[in-house]
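Reviewing the structure listed below.
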Amino acid sequence: MQFACDKTGFPVVTIEGLTLSLLPVTKLQFERFLCEPGGLSSSWYRQLLIMNPRASCRGFADKERESLFMTGITPEEATAFLSWLDPSARLPQETEWKRFARLLQQVPFTRETEESLFGSGIKSSVGELLKRLIVLLKPGNLGELALIRNGVMEWVTTRSKPGGLGGPRPSFFRNTFDPYNDAPLGHFADERCQYYGFRVLMDQEGR
Amino acid sequence: MTDPDLHRLTYQLELSTHQRLCFVLDASDLAASSRNKALQLLAEMQQLIPRFQDHKVMFLGSGVVASAGDLIKEGARLFQANDKRLSCITPVYESAEPDFRFVILAVSPIFDLQDWRDSLQLSRSVFVNLGTESLTGGLAVEIPPDSARLTDLAQSPLSRVTIRSAGHLPVSWNNAEYHLDKDLALQAKTAKGFSLRFCVVGPEAELSADCLFENGHKESVCAKRSPSPEENPGWTRIESEQDATIVRECIREKKFLCPYCRRLHPRDELKCKVPGQFLPTSVFTTLSGNPACAFLLVKMDDSGRVDVSRIERSVLLLGEGRAAILVDRFPQITVFDTLSQAWKVTEERFEQFQFVEGVSAYAICLR
């Protein structure tokens with residue numbers, strides 16, 4: 001297992017040939033994309049924030065956790081961000097997402113794991129966000145820090161159309177989902193939904 | 001410094017007597033209708049501020065810095081090049097120089113301003129509201145687009161700079177306009193130049209300077225860490241044999257013969273009441289100097305040769321976590337209190353000819 005950084009300064013983790021972002025994409029990351037001239041507009045972003053308001057990466061409260069992440073986004077909009085982030089970036093497939101989730105669950109979150117994560121060149125604001133998450137989550141394994149559970153619903157690609165995987169906190173989205181075993185939830189695929197964010201997969205062949 | 005918490009740290013503080021402004025413009029779609037209003041305001045300021053072209057311009061969502069002169073010449077092109085950037089301040093604050101004063105002209109709330117709550121950058125920002133909604137949600141000062149008020153902000157010169165940190169004692173600095181006050185803060189008032197390099201003793205930390213402008217505006221400026229310069233005490237031989245003899249006797253912890261009253265003085269009695277003189281006179285004829293320095297370091301080698309080093313600043317490090325300071329012409333002892341992690345002035349009397357660790361010399365104060 002190895003940590004590195006994407007161009008926004010957020011960590012990606014490579015484990016058994018899979019490279020994915022450690023966390024679902026945050027608003028902080030997406031804002032970097034939106035700061036490019038001529039792209040999606042401030043008025044578009046403002047509408048999106050009505051669904052899931054923005055939380056500061058510094059000193060956020062536990063109840064604001066989901067507000068860190070970029071949700072309410074469609075798969076097409078997510079893909080525009082991914083193309084900007086890295087030529088090899090794409091949405092994970094259902095099987096890749098589940099495999100990644102299971103692999104992270106098996107990695108104990110030890111002092112060495114933490115040192116390796118913070119030694120990967122992440123930006124200071126990202127470091128603050130991660131430290132705060134660690135304090136709030138007290139993760140026993142890397143999957144807990146990666147918010148495979150208790151995060152947001154995440155877009156994945158399937159054979160037919162994009163669907164959602166994840167197990168958000170009931171306070172964010174009332175559900176009884178099992179992210180490791182459920183089939184992707186598909187009935188929001190063509191709509192904008194406040195619970196849906198995404199995670200980045202870096203395609204090894206495209207890198 | 002053997003205490004693990006105490007280090008000798010050097011900082012550089014770059015301060016212009018007048019503020020270096022950075023106008024930050026909003027090219028987002030939400031601000032499209034106010035572009036001309038922003039350009040009009042800047043054109044008015046150009047007439048009021050001398051050397052307007054020396055100030056800087058940035059756009060929300062971008063880290064690129066242009067000159068204010070460019071904006072007046074080709075404002076429309078610059079807006080076009082930054083068209084539809086998100087109204088975010090992070091790229092601006094991360095890229096701009098730390099001593100910029102930001103004047104942010106915007107129409108709608110800055111999305112990521114809360115990430116900069118309590119930051120130095122935010123404390124150095126003024127938000128000019130070109131619309132009707134709050135830009136900052138109460139996080140910072142907002143003013144209406146009034147060119148006269150903005151010009152007053154821009155032209156008000158710096159009137160006082162204070163560097164204060166309870167855990168850090170300034171021990172040397174290269175700008176004579178600064179002095180150490182009784183609260184151990186380094187301060188300069190209405191100086192010709194406020195920039196300085198200074199060295200403190202204390203724990204590793206970021207230090208900042210509190211700046212007060214003539215119009216009453218206050219802001220903080222972060223001091224940058226800098227490599228420590230070589231400390232050279234600048235020893236010179238004591239030319240007067242009479243003074244050298246007194247120093248030798250004192251270093252040997254003996255009484256010395258006063259050249260004025262012809263009686264033996266203990267080594268802490270370095271002044272004598274001379275008939276006809278209103279104030280006691282120094283027993284030394286050449287060491288006091290003109291202008292008088294705060295402290296003197298003296299040392300003697302095996303052959304009896306005596307050298308002196310004049311310390312013009314009002315603080316002298318005596319050893320680990322211990323220093324002598326001159327407050328209102330009186331020498332006092334300050335020590336680092338490990339419990340409170342702060343330097344504290346004690347009631348302890350300054351003892352003449354006390355040994356100074358590190359330089360193997362003795363300290364005296366002739367004030």
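Chain naming here is simple, since letters A, B, ... match the order of the sequence lines and numbering starts at 1 in each. Only heavy atoms go into these numbers, but all of them, side chains included; no hydrogens, no water, no symmetry mates.
The 12-atom threshold is exceeded at CZ of B:R225, counting heavy atoms of other residues, nucleotides or ligands nearer than 6.0 Å. Atom CG of B:N36 has 12 or fewer neighbouring heavy atoms from other residues, nucleotides or ligands inside a 6.0 Å radius. Heavy atoms of other residues, nucleotides or ligands lying less than 6.0 angstrom from CD of B:Q12 number more than 12. In the displayed structure, B:E204 atom CD is contacted under 6.0 Å by more than 12 heavy atoms of other residues, nucleotides or ligands. The environment of A:K63 atom NZ is sparse: at most 12 non-hydrogen atoms of other residues, nucleotides or ligands sit within 6.0 angstrom.
Contact annotation for A:L40: only backbone heavy atoms (N, CA, C, O) come within less than 4.5 Å of a heavy atom of chain B. At a 4.5 Å heavy-atom cutoff, B:S62 makes no contact with chain A through either its backbone or its side chain. Both the backbone and the side chain of B:D112 have a heavy atom closer than 4.5 Å to some heavy atom of chain A. Contact annotation for B:A31: neither backbone nor side-chain heavy atoms come within less than 4.5 Å of a heavy atom of chain A. For B:F59, no part lies under 4.5 angstrom from a heavy atom of chain A.
Summarising the geometry of B:R85 relative to A:E36, their closest heavy-atom pair is NH1-CA, 4.1 Å, with the distance given to 0.1 Å. Of all non-hydrogen atoms in A:R32 and B:E94, the two that sit nearest each other are NH2-OE1, 2.6 Å. In terms of heavy atoms, B:G61 sits closest to A:C35 at O-CB, 3.2 Å.
Here A:R46 does not pair with B:D29 in a salt bridge; the nearest charged N to carboxylate O distance is not below 4.0 Å.
For chain B, the option among A:A55, A:S56, A:G39, A:S41 with the highest count of heavy-atom pairs below 4.5 Å is A:S56.
Atom OH of residue A:Y45 and atom SG of residue B:C88 lie 6.5 Å apart, to the nearest 0.5 angstrom. The CD atom of A:E31 lies 12.0 Å from the CD1 atom of B:I89; values are rounded to the nearest 0.5 Å. Taking CZ from A:F30 and CG from B:L86, the interatomic distance works out to 10.0 Å, rounded to the nearest 0.5 Å.
Counting only heavy atoms from C-beta outward, the side chains of A:S42 and B:F111 approach each other to under 4.5 Å. Side-chain contact between A:E128 and B:D115: absent, with no pair of heavy atoms (C-beta onward) separated by less than 4.5 Å.
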